[in-house]
> 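Before I ask anything, here is the structure I am working with.
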There are 2 protein chains.
Amino acid sequence: MVIRVSDFESQEIRSLTLFSGLDDACFSTLMRGAYVQNFPPMIDLITEGDKSDFLHVLISGSVELFANWSGHETTMAVLRPTSTFILAATIRRARYLMSARTLEKSRIVLVPSEDVSAVFDLDPDFARAVVTELAVCYRANVMTTKNLKLRSSLERLANHLLAARKLAGDAQSFDLGLEKRRLASSLGMTPENLSRAFRQLKPYGVAIDGSRVMIADASDLEGLAKPSDLIDESCVN
Amino acid sequence: MVIRVSDFESQEIRSLTLFSGLDDACFSTLMRGAYVQNFPPMIDLITEGDKSDFLHVLISGSVELFANWSGHETTMAVLRPTSTFILAATIRRARYLMSARTLEKSRIVLVPSEDVSAVFDLDPDFARAVVTELAVCYRANVMTTKNLKLRSSLERLANHLLAARKLAGDAQSFDLGLEKRRLASSLGMTPENLSRAFRQLKPYGVAIDGSRVMIADASDLEGLAKPSDLIDESCVN
DNA sequence: GAAGCTTTTTGATTTGCGTCAATTATTTCG
DNA sequence: CGAAATAATTGACGCAAATCAAAAAGCTTC
């Protein structure tokens with residue numbers, strides 16, 4: 001059964017950079033073919049290698065992008081609302097390079113690839129929005145690569161914590177927001193190593209209780225992390 | 001002094017996917033403001049952190065994209081003709097995330113960012129070409145991340161050699177095409193470790209003499225490398 | 001609230017890979 | 001061409017991080 005996108009959600013989707021510049025007619029075209037779906041946690045949404053059919057928009061909950069090779073699995077990113085995913089595959093009409101699963105109960109809008117393509121040609125503003133969104137994602141990916149190749153796992157963790165703190169409005173304490181094993185995988189390390197890394201950060205004023213992180217003095221941690229806006233600019237997708 | 005783009009080079013640039021669909025008027029607009037420049041080897045073209053002003057098109061020679069952090073440097077990619085670079089920064093009008101330098105004597109076309117932007121709005125075909133190019137680059141980057149996170153350095157080398165062999169038309173022997181230390185950096189390893197890795201590949205029929213690589217039996221090496229078109233699809237940029 | 005699961009932590013051990021240092025090969029350039 | 005510089009290789013060593021194993025702590029679920 002197809003479930004239409006509600007007006008309320010429409011509003012929310014519209015607030016995304018990808019859709020904000022769009023004129024009403026075009027936006028309606030996109031939403032007409034789109035449908036919303038609720039998913040329980042740990043549901044596979046897409047599998048790498050499959051052909052892409054829909055642009056996904058995460059409205060609530062959280063989604064993990066991950067990849068497999070030769071028996072190994074790695075977390076590529078953890079997405080939170082409101083963000084789009086697999087835009088590149090949608091545009092290329094190519095096979096997915098990553099798989100996706102829900103982590104929490106999630107609400108997701110699915111926009112048919114053909115509609116995205118059609119509106120792209122119809123509305124120059126949308127075209128510009130798509131290319132901007134893609135450029136942002138591209139740059140985020142470059143940052144990921146730099147992060148992996150230039151930093152040790154301890155430095156990656158330190159920078160992640162500083163970024164998370166910033167996202168939490170520079171709060172003195174904040175929630176980790178995801179399981180530690182997934183954080184570990186996303187940072188390119190094992191859960192065991194992450195656990196030890198947290199202890200190594202104690203002298204820098206980092207305390208952790210469950211999923212609650214407390215950073216006593218951010219500038220202390222920054223001394224170790226050496227954050228750079230050419231690597232750490234917070235960009236979800 | 002501004003050097004115009006020759007007709008011959010014009011032809012070559014046009015053959016790029018980015019420009020192929022473009023109508024003549026728009027292409028002329030782009031080329032009118034563009035200029036060509038010759039660079040000796042080892043010349044810094046752009047520096048990460050600087051604001052982007054030009055879309056770069058490599059016509060001949062080769063260019064290294066690299067990044068620095070806290071005293072470390074890593075090779076992000078080595079480009080060969082004909083390819084564009086820093087398209088994402090151009091579109092976002094943002095600061096470069098990577099630096100670039102010539103490796104060989106190179107000929108490069110510089111297209112002002114404003115012109116790219118203007119033609120993007122003017123010509124839907126160009127808009128589509130830009131978004132396609134960007135999507136390709138994005139996907140290449142995702143592959144890089146998967147390569148780094150899912151494979152050991154030996155596996156990365158093995159897959160690189162198989163990809164290079166393919167690029168050389170499945171020739172039994174081919175040139176490495178870049179210094180070993182840059183290859184090492186681009187694969188995320190040290191020169192010393194690369195040297196050892198080459199020796200480890202001997203039992204798999206890999207021989208190396210200077211920059212000449214010989215692969216006796218590709219299928220043998222594939223047994224180790226386990227190449228996947230979701231990671232190894234050859235895409236330069 | 002206890003039983004059974006999963007996740008996290010901790011410790012012991014191994015290993016892949018980086019670092020340091022020295023030698024050999026290769027390239028550059030006067 | 002030969003000297004100097006740069007790259008590549010090799011060996012010894014150390015460290016970061018993975019693996020293995022087991023205990024502890026958190027979650028479910030009935």
Side-chain angles (χ1 to χ4, degrees), chain A residues 40-42 64 69-75 78 101 103-105 147-161 175-203 206-213 224-225, chain B residues 40-43 64 69-75 78 101-105 147-161 175-202 206-213 224:
Chain A
M42 296 305 291
E64 176 184 25
W69 178 80
S70 186
H72 301 274
E73 176 171 319
T74 192
T75 300
V78 174
R101 68 165 74 95
L103 290 181
E104 308 166 50
K105 188 167 166 302
N147 197 30
L148 281 171
K149 291 183 79 176
L150 291 168
R151 287 173 173 161
S152 70
S153 63
L154 190 67
E155 290 166 335
R156 291 199 293 274
L157 174 60
N159 278 294
H160 174 84
L161 293 179
D175 196 272
L176 215 48
L178 76 172
E179 287 167 292
K180 283 181 186 162
R181 66 206 193 92
R182 279 179 225 285
L183 174 60
S185 180
S186 115
L187 292 174
M189 58 206 286
T190 57
E192 294 97 323
N193 198 25
L194 176 67
S195 195
R196 290 183 247 273
F198 268 120
R199 259 212 315 217
Q200 282 185 268
L201 290 182
K202 241 178 199 163
V206 176
I208 182 144
D209 176 35
S211 67
R212 196 100 209 133
V213 181
L224 170 75
Chain B
M42 296 305 289
I43 294 295
E64 176 185 25
W69 178 79
S70 187
H72 301 273
E73 177 172 319
T74 191
T75 300
V78 174
R101 69 165 73 95
T102 55
L103 291 181
E104 308 166 50
K105 187 167 167 301
N147 197 31
L148 281 171
K149 291 183 80 177
L150 291 169
R151 286 173 174 163
S152 71
S153 62
L154 189 67
E155 290 166 334
R156 291 199 293 275
L157 175 59
N159 278 292
H160 174 84
L161 293 180
D175 195 272
L176 215 48
L178 78 170
E179 287 168 291
K180 283 181 186 163
R181 66 208 193 90
R182 281 180 223 286
L183 174 61
S185 179
S186 114
L187 293 174
M189 57 206 287
T190 57
E192 294 95 325
N193 198 24
L194 176 66
S195 198
R196 287 175 191 119
F198 268 120
R199 260 210 317 215
Q200 283 185 267
L201 290 182
K202 241 178 197 164
V206 176
I208 183 146
D209 176 36
S211 67
R212 197 100 209 134
V213 182
L224 170 75

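Lettering follows sequence order; numbering is per chain, from 1. Note that this is a predicted model, so its numbers are computed, not measured.
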> Just the rounded figure in Å: distance from P of D:dA16 to CD of A:E155.
11 Å
> Using the C1' atoms of five pairs at each end, what's the angle between the two axes of the helix from C:dG1-D:dC30 to C:dG30-D:dC1, to 10 degrees?
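Inter-axis angle at the ends, rounded: 50°.
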> Starting from the 5' end of DNA chain D, give me the residue, B:N193 or B:E179, whose nearest nucleotide shows up first.
B:E179
> What are the bounds, 5' to 3', of the part of DNA chain C that sits under 4.0 Å from heavy atoms of chain A?
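Result: C:dT7 to C:dA12.
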> Any side-chain to backbone donor/acceptor pair from B:R156 onto B:R151? Under 3.5 Å, distance only.
yes
> List the steps, then state whether side chain to side chain contact (heavy atoms under 4.5 Å, CB included) holds for B:F198 with B:L161.
CA-CA 10 Å; B:F198 268 120; B:L161 293 180; 3.9 Å; yes
> Quick check: do B:V206 and B:L157 have side-chain heavy atoms less than 4.5 Å from each other?
no
> At what distance, to the nearest 0.5 angstrom, does OG of B:S211 lie from CG of B:L178?
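Result: 9.5 Å between the selected atoms.
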> Quick check: do A:N147 and A:L150 have side-chain heavy atoms less than 4.5 Å from each other?
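No. Closest side-chain heavy atoms not under 4.5 Å.
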> Show your reasoning for whether side chain to side chain contact (heavy atoms under 4.5 Å, CB included) applies to B:L176 and B:I208.
CA-CA 9 Å; B:L176 215 48; B:I208 183 146; 4.1 Å; yes
> Just how far, in rounded Å, is P of D:dC15 from CD of A:Q200?
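Result: 13 Å.
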> Using heavy atoms to find the nearest nucleotide of DNA chain D for A:D209 and A:H72 separately, return the residue whose nucleotide is more 5′.
A:H72
> Would you say the base of D:dC20 and the side-chain of A:E192 have a donor-acceptor pair closer than 3.5 Å?
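It does, because a donor-acceptor pair links the side chain of A:E192 to the base of D:dC20 below 3.5 Å.
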> Report yes if a side-chain nitrogen or oxygen of A:S153 is closer than 4.0 Å to either non-bridging phosphate oxygen (OP1 or OP2) of D:dA17; otherwise report no.
yes
> Which nucleotide sits closest to the side chain of B:R199: D:dT10, D:dT19, D:dA17?
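Ranking D:dT10, D:dT19, D:dA17 by closest atom to the B:R199 side chain puts D:dT10 first.
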> A:K180 side chain to A:G210 main-chain N or O, any donor-acceptor pair under 3.5 Å?
yes
> Rounded off to whole Å, could you give me the CG-to-P distance for the A:L148 and D:dA17 pair?
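Interatomic distance, CG of A:L148 to P of D:dA17: 12 Å.
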> Measure from CZ on B:F198 to C1' on D:dA7 and round the result to the nearest Å.
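One finds 14 Å between C1' of D:dA7 and CZ of B:F198, rounded.
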> Between P on D:dA17 and CG on A:L194, what's the gap in Å once rounded to a whole number?
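So the CG-P distance, A:L194 to D:dA17, works out to 12 Å.
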> Let me know the distance between CG of A:L187 and P of D:dA17, rounded to the nearest Å.
12 Å
> Between the side chains of B:R101 and B:E73, is the shortest nitrogen-to-carboxylate-oxygen separation below 4.0 Å, so that they form an ion pair?
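Yes.
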> Would you check if the side chain of B:K149 reaches a backbone N or O of A:S185 as a donor-acceptor pair within less than 3.5 Å?
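Yes; at least one donor-acceptor contact below 3.5 Å.
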> Can you tell me the distance, in whole Å, between the CZ atom of A:R212 and the P atom of D:dG26?
16 Å
